[in-house]
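We name chains A, B, ... by the order of the sequence lines, and we start the count at 1 in each one.
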Amino acid sequence: MCGRYALETPPEGLKRLLPFANSPNFPASYNIAPSHPVPIIRDSAVISGAGQYECARLQWGLVPGWMKAEKITEMSSRPQINARSETVTEKPFFKSAFKSRRCLFPADAFYEWKRSSKAKNQPYCIRRQDESPFMMAGIWEFWQGADGSEIETCAILTVAANETLTPIHHRMPVILEATHWAEWLDTPDVKSESLLPLLVPAPEKDFKFYPVSDAVNKVANNAPDLLAAVPEIENKDQQNAQFDLF
DNA sequence: CCAGACGTTGTT
DNA sequence: GTCTGG
DNA sequence: CCAGACGTTGTT
DNA sequence: GTCTGG
């Protein structure tokens, strides 16, 4: 799945990739975590009727419009950061967002933790072979409290991992190629069922992965070196074992 | 009909 | 173990 | 996603 | 809001 990622490319860089009308300002983050405000790109026709793209920062963890206020605090401990693409059309939690409020999550990398019963879980960084940014498919929601409070939230769609990533993890985010961005964002007019063929794992060869420092585990750590390749934890243990011999 | 849930991940 | 905070 | 806390009473 | 369970 996708529970932590990095966005290094600044707003101007994203704008060249997928032009949006506004001029947001946000810092690079190498450790974007659930519940953080995350930059997403959406068709502003849904909001303003302008029919242009906009880049906005929404809270990562989807909250449907019908959710009761007291349930929101309850859910905040386990935010809905992902939506299974296999069932997104059926689940009451997601279906209306999928139909009418789709968006893209720009990213330069995402992290996955390979689980281990023996050692500490090993974090990996996954990114394009050429390390260029990519777009993850997502949905967003609008929630309004009785007191007038408002929040906008979002979630990333997931699919089964491709063959490359299966050794690390069995789920991965849906990643859309540039040729499909416009179709995906065209929420008022494009029939959502016609988009289901896009919800497939990314091609094996497009992405690489490598182990990174477990400094990424801690959300407070946020620096470019979180993306740096390091030896596997197993190797580290071996090194320590060797060190102990001397 | 009304009441109550509505999610993912991973693990068992 | 389970919940909250980031 | 992972890290880190997880409690009461009374007194200062 | 919309679906499921009773």
Just to be sure I understand the rule, does [X] reach a base, reach only the sugar-phosphate, or reach nothing, if contact means heavy atoms closer than 4.0 Å?
| X | value |
| --- | --- |
| A:R171 | sugar-phosphate |
| A:S29 | nothing |
| A:K95 | sugar-phosphate |
| A:T158 | sugar-phosphate |
| A:F94 | sugar-phosphate |

Per side-chain contact (heavy atoms from CB on, under 4.5 Å), A:L7 is matched among A:P27, A:P106, A:P133, A:S29 by A:P106
Only residue of A:I126, A:I156, A:V159, A:T158 satisfying side-chain contact (heavy atoms from CB on, under 4.5 Å) with A:P173 is A:I156
Gap in Å between the two [atom1] atoms, one belonging to [N] and one to [M], rounded:
| N | M | atom1 | value |
| --- | --- | --- | --- |
| B:dC2 | D:dT9 | P | 45 Å |
| B:dG4 | C:dG5 | C1' | 29 Å |
| B:dT11 | E:dG1 | P | 38 Å |
| B:dT8 | D:dC1 | P | 13 Å |

With a 4.0 Å cut-off (strictly under) to non-hydrogen atoms of chain A, the first and last hit nts on DNA chain C, 5' to 3', are C:dT4 to C:dG6
- prompt: Would you call A:K120 and A:D214 a salt bridge, taking side-chain N to carboxylate O under 4.0 Å as the test?
  reply: yes
- Query: Between A:K95 and A:E193, is there a salt bridge with N-O shorter than 4.0 Å?
  - Reply: no
Students should find that the nucleotides of DNA chain D closing off the region near chain A, any atom under 4.0 angstrom from a heavy atom, are D:dC1 to D:dG4
In residues 57-73 of chain A, what donor-acceptor pairs under 3.5 Å come from side-chain atoms, sequence neighbours left out?
unit_1: A:W60; atom_1: NE1; unit_2: A:I81; atom_2: O; d: 3.0
unit_1: A:K71; atom_1: NZ; unit_2: A:E74; atom_2: OE2; d: 3.4
unit_1: A:T73; atom_1: OG1; unit_2: A:E70; atom_2: O; d: 3.0

Item to complete: Dump the intermediate steps for salt bridge (charged side-chain N to carboxylate O under 4.0 Å, His left out) on A:R101 and A:E152, then the final yes or no.
Response: CA-CA 11 Å; A:R101 288 176 299 279; A:E152 289 187 312; over 6 Å; no
Taking every heavy atom of A:F207 against every heavy atom of A:A202, the minimum-distance pair comes out as CE1-CB, 3.8 Å
Heavy atoms of A:F98 and A:I139 approach each other most closely as CA-CG2, 3.8 Å
Secondary structure of DNA chain B per the Watson-Crick/G-U criterion (both distances under 3.5 Å; [ ] crossing, | other strand, . unpaired) is ||||||......
- Within 45° cone of A:W140 ring axis and under 6.0 Å: A:R102 NZ or CZ: no
Without placing hydrogens or testing angles, list every side-chain donor-acceptor pair under 3.5 Å for residues 17-26 of chain A, not counting sequence neighbours.
unit_1: A:N22; atom_1: OD1; unit_2: A:C55; atom_2: N; d: 2.9
unit_1: A:N22; atom_1: ND2; unit_2: A:C55; atom_2: O; d: 2.7
unit_1: A:S23; atom_1: OG; unit_2: A:K15; atom_2: NZ; d: 3.3

Sequence neighbours excluded, the answer for ring-ring contact (aromatic ring centres under 6.0 Å, His included) partners of A:Y53 is none
